[in-house]
Amino acid sequence: MATHYRTCPFCEATCGLEIEVEGREVVSVRGDAEDVFSEGFICPKAYGIKQLHEDPDRLTAPLVRRGGELVEVTWDEAFEEIDRRLSPILAEHGRNAVAVYLGNPNAHNLSALTHGTAWLRVLGTHNLYSASTVDQMPKQVSAGHMFGAMLSVPIPDVDRCDHLLLLGANPLVSNGSLLTAPNMRGRLRAIRERGGRVVVIDPRRTRTAEEADEHHFIRPGTDALLLAALACAIVEDGLDEPGPLAEHVNGLDEVRELVREFTPEAVAGATGIEAGEIHRMARELATAERAAVYARIGTCTQEFGTHASWLVDVLNVLTGNLDREGGVLFPRAAAGQKNSSGPGGGGRGVRFGRWTSRVRGLPEFFGELPVSVLAEEIETPGDGQVRALITAAGNPIVSTPNSARLERAVDGLDFMLAIDIYVNETTRHADVILPAPEPLEKSHYDAAFYQLSTRNVANYSPAVIERRGPAEWEVYMRLAGIIAGQGPDGDVDAFDDMVIQTLVQREVGMEGSRVEGREPGELLEALEPRRGPERVLDFLLRSGPYGDGFRRDPEGLTLSLLERSPHGIDLGPLSPRLPEVLRTPSGKVELAPEAIVADIERLRAALARERNGGMVLIGRRQLRSNNSWMHNLPALVKGKDRCTLHIHPDDAVELGLADGEQATVRSAAGTLQALVEVTEDIMPGVVSIPHGWGHDADGVRMTVASTHAGVNSNVLSDESQVDPLSGNAVLNGIPVEVSLAPGHANDSI
Ligand code: SF4
């Protein structure tokens with residue numbers, strides 16, 4: 001029996017696992033007590049790694065559609081089919097005729113980060129979509145405007161703050177999002193134990209809210225108004241004290257003026273939070289010794305997502321807590337985005353709208369179009385129409401707005417390729433499916449999430465079980481070969497060399513880089529004999545802030561050192577990084593970004609909006625679920641039905657609904673029926689259905705998930721509703737009508 005230590009790949013918390021393996025059999029999974037970051041903590045999803053390994057529905061051979069059926073073929077046959085079907089589309093209609101959708105697991109996938117980006121560059125389509133525009137794009141856009149780069153997101157210094165204000169976030173269940181911090185329960189308890197305060201704002205009394213000192217229900221979609229009112233109250237009371245931050249910030253006076261009209265009294269009606277409470281919360285936030293404001297998905301998936309994301313950091317600046325220990329800080333990742341052009345900071349900043357979607361004219365953000373436009377780009381004839389779709393670890397028919405329309409659109413494609421582990425609601429439409437490796441078959445390094453971590457850490461895990469089939473990066477390179485016109489047997493090694501050479505060339509030419517001006521050939525030689533993602537990772541580590549700089553610092557970080565450190569390496573707490581972290585053209589924090597300020601009138605108009613008293617729908621996170629893809633693991637779906645409609649008792653009485661009955665829920669986009677669960681944990685006037693469910697479609701090959709199907713909440717979300725500043729879908733606060741479903745009553749939950 002062999003014992004392996006590796007990072008759990010299922011969420012952003014990056015917990016260490018101890019996995020015992022006998023041959024190809026996984027014997028046990030437990031928390032790695034010696035992991036430098038998680039110290040043994042895991043959540044129930046960790047055991048999913050064993051069940052995923054054993055899942056008979058998980059794909060292990062490529063599938064090609066023949067005679068209408070998906071049948072197993074060899075890898076060579078699959079690539080030949082891709083070449084036969086995809087190449088003519090590219091030749092005749094050009095690269096924009098091929099759309100790509102990347103699901104959330106790509107962010108955890110080292111190969112996807114190092115080599116997945118390479119085939120996308122070779123393809124060069126403007127029709128690139130991802131889960132980011134149903135999830136977090138507003139935060140990335142506001143970070144881009146304020147700090148100059150998409151991953152320059154200030155992270156709460158959870159372990160040292162005395163006051164944490166959370167909005168639209170449920171880290172006890174999500175385990176942190178845009179906040180890598182294993183064991184958030186323990187970390188939040190520690191804040192309270194050291195005399196601090198945790199305040200939660202959410203339309204649901206979440207598990208995080210239960211652990212907090214106080215919780216306030218808020219009307220969905222009004223977080224930006226509340227945040228503006230908190231800022232207003234702080235300014236009006238003369239409590240705004242950016243302190244030494246001020247010299248690094250542009251636009252302080254403009255923001256003070258902008259928030260002035262959003263008084264607590266003005267927003268109380270819209271938000272549902274009393275003005276006196278807002279004044280008190282503002283005072284306590286501003287006067288806390290070390291405080292952090294943190295907001296997540298609930299504040300992003302709404303029409304004012306970017307305003308809310310921006311105002312979070314406005315509050316962090318006004319209270320002097322940005323870039324301050326115990327406040328919010330920028331991580332210094334070992335292998336990440338190069339944030340600096342020198343110790344003085346500054347850069348080119350961000351530019352959006354370099355192209356727009358063909359039909360609706362929505363701008364790109366960070367090279368992506370909003371996924372809300374994907375269906376219309378497929379359906380609408382004309383030059384640039386999307387005729388082929390490639391999905392990688394994604395299930396957009398379940399995860400993105402107006403599922404029914406997207407499903408109809410996908411049905412009309414000329415060709416669809418999926419890289420996935422399941423035949424799911426989306427991949428069942430594919431003409432070719434390439435099986436992605438299971439987590440244990442590939443190495444792991446959370447390059448993206450260490451850039452969002454509450455502590456600087458590095459942890460590399462080699463594969464635990466030998467891969468049967470090509471490595472994932474080799475699959476990407478063969479795909480690149482087809483797209484580049486080399487046919488199904490492109491030179492994988494040549495593409496791999498191109499990936500590392502491009503990276504090295506860029507870094508040696510980058511001002512302020514650890515390897516600036518070095519001879520590329522010398523660096524490439526030093527990386528031998530590594531190939532693939534490990535070669536890229538070793539380069540990033542060695543040229544990164546803790547790296548050996550290719551021997552300039554013999555004690556520095558290398559992949560070899562991480563390989564000898566199975567429990568990871570702790571690189572210390574977060575520390576101040578202004579101004580070197582900034583990449584705005586001014587080299588300062590832009591507190592009043594032009595694009596956001598120009599749209600403040602829309603937020604102002606929301607103050608005056610009539611509230612018609614109708615019901616609105618929100619989503620919810622679940623501890624044993626991760627978006628749409630973990631419902632085929634028996635340990636994670638056992639027990640009572642969890643895909644239920646939460647409704648407040650007062651609303652249930654008014655609508656004549658009771659626990660266990662089926663309700664019909666109608667929106668502008670569609671209708672579904674859901675099992676009613678009456679609970680005081682939801683705000684009156686609000687109902688909630690978790691997203692990621694609805695696994696009972698024909699052709700889905702997920703046996704366990706199909707028997708715990710649930711309903712797809714995105715049948716109800718409306719693809720026409722987006723946050724215009726980021727293109728993010730509006731998935732929270734959807735107006736709905738709720739009624740007793742005809743012919744359904746009193747089934748027990
Ligand atoms: S919290 Fe996240 S990383 Fe940790 S064990 Fe659970 S799923 Fe894995």
Side-chain angles (χ1 to χ4, degrees), residues 4-20 26 28-53 55 103-110 131 135-136 155-156 158-159 169-190 206-208 211 296-297 331 393 421 438-440 442-455 457-461 464 566-568 570 620-638 642 690 692:
H4 299 264
Y5 299 96
R6 68 169 294 136
T7 305
C8 174
F10 292 147
C11 87
E12 299 179 29
T14 71
C15 300
L17 304 180
E18 181 183 307
I19 303 174
E20 288 181 317
V26 175
S28 68
V29 179
R30 59 176 73 91
D32 174 10
E34 292 181 64
D35 184 276
V36 295
F37 198 16
S38 57
E39 299 174 336
F41 171 84
I42 52 172
C43 83
K45 285 196 286 291
Y47 301 103
I49 209 161
K50 173 172 161 61
Q51 294 203 321
L52 187 59
H53 173 65
D55 188 348
N104 174 285
N106 286 286
H108 297 272
N109 183 339
L110 180 59
D135 178 337
Q136 66 184 46
I155 301 300
V158 183
D159 297 339
N170 188 8
L172 257 64
V173 165
S174 69
N175 288 306
S177 175
L178 297 182
L179 167 58
T180 290
N183 190 11
M184 273 301 288
R185 180 189 299 276
R187 291 176 199 272
L188 293 187
R189 280 186 181 166
T206 60
R207 285 171 76 163
T208 305
E211 289 282 328
R296 256 313 281 134
I297 190 163
I421 57 172
E438 62 164 312
L440 296 176
K442 57 187 176 188
S443 58
H444 189 87
Y445 183 88
D446 259 308
F449 294 107
Y450 292 139
Q451 297 177 70
L452 300 163
S453 176
T454 197
R455 195 170 172 90
V457 171
N459 201 338
Y460 168 81
S461 322
V464 170
H567 309 292
D570 179 28
R620 66 180 188 269
R621 293 264 169 182
Q622 298 178 311
L623 185 58
R624 286 190 282 144
S625 180
N626 188 352
N627 301 320
S628 67
W629 74 276
M630 296 189 82
H631 298 151
N632 209 48
L633 308 178
L636 300 185
V637 290
K638 68 182 181 192
R642 282 181 281 125

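When a ligand or atom number is given, it counts from 1 through the structure's own listing order. Along the sequence shown, residues are numbered consecutively beginning with 1. Values reported hereafter were calculated over all heavy atoms of this structure, with side chains retained and with hydrogens, waters and symmetry mates removed.
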Legend entry - Where L636 and K45 come nearest, the two heavy atoms and their spacing: CD2-CA, 3.9 Å
Legend entry - N459 and its side chain to side chain donor-acceptor pair (under 3.5 Å) partner, picked from T14, D446, D32, D35: D35
Legend entry - Closest non-hydrogen atom pair, R6 against L440: CD-CD2, 3.7 Å
Legend entry - Aromatic plane relationship, Y450 with Y445 - under 30° parallel, 30 to 60° tilted, over 60° perpendicular: perpendicular
Legend entry - Close side-chain approach of R455 and D570, heavy atoms under 4.5 Å: yes
Inset, instruction - With 2.8 Å as the limit, jot down which protein N, O or S atoms are around atom 4 (Fe) of ligand 1. - result: C15 SG
Legend entry - Heavy-atom closest pair, residues S174 and R621: CB-CD, 4.1 Å
